Structures are given as C-alpha cells and as structure tokens.
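Reading through the structure tokens given below for one structure.
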Amino acid sequence: MYVYILGGFLGSGKTTLLMKLASKYSQEGKKVAIIVNEAGEIGVDGATLKAGGYDAIELPNGCICCSLSGTLQNALKSIKSDIDPDIIIIEPTGLALPHKVADLVHISMIDPDETIVIGIADIERFKDLIKKKEEFFKRQMHGSEFILLNKCDLAKNGEIEEATAWLKHQFPDKEVIPVSNKTGENLDKVYEKMKV
Ligand SMILES: Nc1nc2c(ncn2[C@@H]2O[C@H](COP(=O)(O)OP(=O)(O)OP(=O)(O)O)[C@@H](O)[C@H]2O)c(=O)[nH]1
Ligand SMILES: [Mg+2]
C-alpha cells in the first residue's frame with residue numbers, strides 16, 4: 001500500500017491532481033481510497049468523490065495536521081482494515097504542513113510500503129505567495145519528495161524559469177517539474193516519479 005500526500009497552499013491545484021491520480025490508478029485496476037480535508041470553498045466533497053467510484057472519507061472542520069490528527073489516524077486505520085486499498089491519496093488543507101501529515105501516517109501503524117509527499121505550487125500566484133508567506137511556503141514544501149509548479153498553462157514569459165530557479169535555490173535536492181493539472185502537460189513525468 002502506497003500513501004500519497006498532496007501538499008500545497010490554498011487553491012494550488014491539489015484536488016485537481018487528486019482526481020487525475022485517482023482516475024488513472026482506478027483505470028489501471030488499482031483500489032484507491034481518498035482522504036480530503038477541505039478548508040476552502042473550492043473543491044470537491046466526499047459525495048462527489050464517491051460518485052467517481054472511489055472510497056472517500058471527508059474530514060472537514062479542522063486541520064488534519066493538528067486538531068484532527070487523531071481523526072486522521074483513525075481514518076487511516078479503518079481504511080486499512082475495511083478497504084485495504086493499493087493507494088491512499090490524502091489532500092490536507094492548504095494550510096497544513098504535509099510533512100506533519102506524513103509523520104502521522106507513520107505513527108498510525110498502517111505500515112505503508114511508502115509514503116510520498118508531493119509539493120504543489122501555483123505559478124500564477126507564486127510571486128505573491130513568496131512575498132506574503134515565504135516562510136510558511138518553504139515549510140510547506142520542505143518535506144516533499146519533489147515539487148510541481150502547477151498551472152503552467154497560465155504562465156507568462158519567463159515565469160516558469162524564474163520560479164524554478166527560486167525553488168532550486170531553496171531546495172537544491174528537489175526536482176521541480178512544471179505541470180498543468182488542467183491540460184495534463186508533463187503529468188507523465190509525475191506518474192513516472194510515483195512508485196506505482
Ligand atoms: N489554469 C489552470 N487552472 C488550474 C490548474 N489546476 C487547478 N486549477 C484550477 O485552480 C482552482 C483550484 O484548484 P483545486 O484543485 O481546487 O486546488 P486545491 O489546492 O485543491 O484548493 P483548496 O483545496 O481550496 O486548497 C480550480 O478552479 C482549478 O480548476 C491548472 O493546471 N491550470
Ligand atoms: Mg482542494
């Protein structure tokens with residue numbers, strides 16, 4: 001069982017990627033379970049996900065990396081015992097620290113083969129986010145395996161190069177992949193990075 005955690009600020013494209021991943025893996029015949037913890041007004045609810053044929057658990061009103069940490073651990077345990085999926089995809093709120101969610105997965109004793117945190121940044125609001133919340137953004141990306149620079153379909157000339165250079169300077173060890181969760185650009189590279 002693999003656990004993927006999609007970390008990134010509010011509106012960066014976590015749910016859009018989650019839906020793409022869930023549908024790809026289901027089409028491949030894998031059993032996918034989803035945990036979403038929405039903070040914002042944009043997104044999908046558990047009912048919509050279930051309609052897509054996935055086992056989905058929605059954890060609203062609180063943040064899974066802090067106030068709902070016990071709830072998350074219980075959800076993970078019941079998913080493991082009741083559904084036993086091949087893949088669990090977790091979308092924490094845009095205000096969560098994804099590496100803390102990964103720590104909770106580890107201590108919940110569900111014993112995944114691997115837990116992978118994917119960092120997602122929004123190219124359209126990149127400069128603005130760095131200006132206003134640089135420290136938080138860095139902490140959010142800190143525990144990720146690699147970083148997706150999303151919404152590349154909206155990027156203006158030079159923006160992708162500039163943001164990539166900034167990210168590579170902050171995180172020399174992390175691969176930065178410009179993608180569009182909307183058009184699907186470069187998502188093949190993302191799938192290659194995933195272990196299943
Ligand atoms: N143009 C463009 N829009 C995108 C892309 N990915 C996501 N969006 C749009 O950006 C908005 C936010 O996307 P979501 O996937 O809901 O983002 P999120 O990170 O789940 O948002 P929260 O859960 O509210 O934090 C939606 O209107 C998406 O349609 C992309 O690659 N390109
Ligand atoms: Mg969302």
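Whatever order the structure lists them in is the order used to number ligands and atoms, beginning at 1. For the numbers below, each heavy atom of this structure counts, side chains included, while hydrogens, waters and symmetry mates do not. Remember, it's a predicted structure, so these values are computed and weren't measured experimentally.
- The residues Glu145 and Lys174 are annotated as not salt-bridged, no charged nitrogen and carboxylate oxygen being separated by less than 4.0 angstrom.
- With a heavy-atom cut-off of 4.0 Å, Asn150 touches ligand 1 through its side chain alone.
- Defined by atom type and a distance below 3.5 Å, a donor-acceptor pair is missing between the side-chain atoms of Thr16 and Asn181.
- At a threshold of 4.0 Å, the pair Glu192-Lys189 does not count as salt-bridged, since none of the basic side-chain nitrogens sits closer than that to a carboxylate oxygen.
- Looking only at its N/O/S atoms, Glu91 has OE2 as the one nearest to the Mg ion (ligand 2).
- Residue contacts with ligand 1 for Asp153 involve side-chain atoms from C-beta outward but no N, CA, C or O (heavy atoms, distance under 4.0 Å).
- Annotation for Ala163 and Leu149: closest pair CB-CD2, 3.7 Å, computed over non-hydrogen atoms.
- For ligand 1, the atoms closer than 4.0 angstrom to any heavy atom of Leu154 are 1 (N).
- An N or O contact shorter than 3.5 Å is missing between Gly94 and ligand 1 by distance.
- A salt bridge links Asp122 with Lys151: the distance from a Lys NZ or Arg NE/NH1/NH2 to an Asp or Glu carboxylate oxygen falls below 4.0 Å.
- In this structure, Glu28 pairs ionically with Lys24, as a charged nitrogen and a carboxylate oxygen lie closer than 4.0 Å.
- Between Cys152 and ligand 1, no pair of N/O atoms sits closer than 3.5 Å.
- At least one heavy atom of Glu91 lies less than 4.0 angstrom from ligand 1.
- Relative ring orientation between Trp166 and Phe137 is described as tilted, the plane-to-plane angle lying within the 30° to 60° band.
- Contact analysis leaves Gly8 out of contact with ligand 1, as no non-hydrogen atom separation drops below 4.0 angstrom.
- For the Mg ion (ligand 2), the set of nearby N, O or S atoms under 2.8 Å includes none belonging to Thr16.
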